[in-house]
Every structure is written in structure tokens, then in C-alpha cells.
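Remember, it's 1-based here, ligands and their atoms both numbered in the order they're listed. Values in this document were obtained by computation on a predicted structure and should not be read as measured data. These values consider heavy atoms only, across backbone and side chains, with no hydrogens, waters or symmetry-generated copies.
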Amino acid sequence: MQRRNFLRNTGLTLASLAFLNKESLAAFLSDPTWKIKMLTDDIGIFSEKGGTIGFLLSKTGTVVIDAQFPETAPHLIEEIKKKTDKPFNFLINTHHHGDHTAGNIAFKGLVGHVVAHENSKANQERVAKEQKKEDVQLYPDMTYDAKGWMQEADKEKIQTYYFGPGHTDGDSIIHFQHANIVHMGDLVFNRRHPFIDKTAGASVSNWIKLLNKTTSTFDKNTQYICGHAGPGYDVILKAEDLKAYGSYLENLLKFVGAEIKAGKTKEDILKATEIPGSPEWKDGDITRPINASYQELNS
Ligand SMILES: [Zn+2]
Ligand SMILES: [Zn+2]
């Protein structure tokens, strides 16, 4: 982030920086570890490590989407407490992965309810058990099925959608209707090779349909937030970025399918350095989407 934005967003002034000693000033200027960006007066994003967090500050209370890690969530909580003294009413998890839910625990005793799709909760419980991390979880206590969930918060209306499996089998899309801002969680990896979690029921082919359904559900002015982006790319997106990501997934399936048909082994296919037709996807591990697509096309 640009330093000027950082200063503005954190409410620090150049005058207050003068009170820092030389070492901490150098550390401060070189290493702002987290950043907050407001998209409207009351809706913002928080980025530090892991999936982008979204939040809404309303007269009736605060709503947070995703929680990153136990060591980063407290930074978000501190920043929100500087902005409002209203209670944390809801924490919504877009899906179960640790870089979105491990920080739930920081909200223990602080948040009214943790909300998620029922598959997301089941995945969270299963993985915590496998990793023997059950003692550091704060599980969703409110779940919903394909019908989604709706909650009003002063002038804002929050609606969650479930369009079937994509990145996992429990990914929600969360719409702030009044502001027309949608949090996609990890349903979009902007110009970055995705993680496709086959151990949690992911589906590349349904992911493509789900993205089409998303762009037809919302309108051309909708702003989208995504969990992860490649270096130099934003986590705030427009419909055309979702379409570009949908074409990436189509190109991925087409490429792997054609290679299988041509008699290539999985090892050969994994030697690819880019997905033909989607050269912007350079960052991240290309073997993960190829492996997942190979598995999907062979089952
Ligand atoms: Zn993530
Ligand atoms: Zn994820």
C-alpha cells in the first residue's frame, strides 16, 4: 500500500511520527504489516496474511466476513474498535480454510454469532479434528443450506448465496445489497493459480457455472472482493475480472482434457508452465489446478 494511504487510513499524522524513535520510525515506514481500505463510509477490507477480510460498520453493530489467523485477527479487531463502539454482531465465514477461519478464535466472547454454510461448518470440524486443533476453533453456531441467509443491519441488508461446489463444497457469496458489494471469498483467485480443494468436494466444472450465475445475479456496478490476488493485482474486482477468472478455469479444463486425450501422462501435463489462453495467471503453484482438473476429468 502507498504510505500516504496508510497514514490516512490509520489516522496517524506526520506530526505523531516525530515522536517515534529512529529505529521504530524506520520499522514503521518499511513495514506496515496490515492495511485497511474503506470502499464506502461503512464497508471496508482488511489485508494482512491470508484471505481478505471484509467488514461492515453499522449503527446496530459490526459484521465481519472471514477472520484470517489468530495472530492477525486481533489487529482487525483493534482497528474496528478505533472506529466504532458498537458490538460485533456477526462473523461470517466464506468457507472453512484456515487462512479464513483460524482467526475465528480471536472473536470468542466478542461476537454474537458465527455464520456459515452447513458444508463449511462440517469441513471446519473435520479438518480441526484431523489436525488436532479442535481446542483453538470457534465454529459457526448459525448455518444455512442452499437457500442462504439474510440479515438486516441498519440501512444495509446482507444476503448470502450458495451456488454449489467450487473452490470447496461450502463456499458462500456474501452480498451487501445497499452498497452493492459482494465478498467472493476464495471463489476468485485474481490472476493467481488457485487452490482447488478436492479433499473438500471442490468442482472446477461447477465453479465455471457458479461464476456465470454470480455475474448474472448481480449487476454491472457491483464491486467484488476476493480472497487472493497475484502480485500487482487487486482484491477489489469488477464483473469482467470474474469473467476472466471463469475463462481461466475453462482454459484449464480444456487444456488438461486435450492433453489426456492426446495420451499424455499426468507427469507430462504437470510440466506446463502456463495455462494456454490465460497468460496473466503466472503467480502461484500451477501444479495444484492441473492436478485437481486431472482428478476431476478422470473420475
Ligand atoms: Zn484463502
Ligand atoms: Zn480457500
note = Contacts of Asp241 meeting salt bridge (Lys or Arg N to Asp or Glu O under 4.0 Å) (sequence neighbours excluded), chain-then-number -> Arg191
key: Pair Asp141-His113, side-chain donor/acceptor within less than 3.5 Å   = yes
Metal environment of the Zn ion (ligand 1), protein N/O/S under 2.8 Å = Asp99 OD2, His100 NE2, Asp186 OD2, His228 NE2
message = Taking Glu79 first and then Lys82, would you say they form a salt bridge - that is, a charged N and a carboxylate O separated by under 4.0 Å?
response = yes
ask   = Hey, are Arg288 and Asn291 close enough side-chain-wise for a donor-acceptor pair under 3.5 Å?
value = no
May I have the list of side-chain donor-acceptor pairs in residues 69-78 shorter than 3.5 Å, sequence neighbours left out?
| from | atom 1 | to | atom 2 | distance (Å) |
| --- | --- | --- | --- | --- |
| Glu71 | OE2 | Lys49 | NZ | 2.7 |
| Thr72 | OG1 | Gln68 | OE1 | 3.1 |
| Thr72 | OG1 | Phe69 | N | 3.1 |
| Thr72 | OG1 | Phe69 | O | 3.3 |
| His75 | ND1 | Glu48 | OE1 | 2.7 |
| His75 | ND1 | Glu48 | OE2 | 3.3 |

remark   = Hits for salt bridge (Lys or Arg N to Asp or Glu O under 4.0 Å) against Lys121, two or more places apart or cross-chain, chain-then-number order -> none
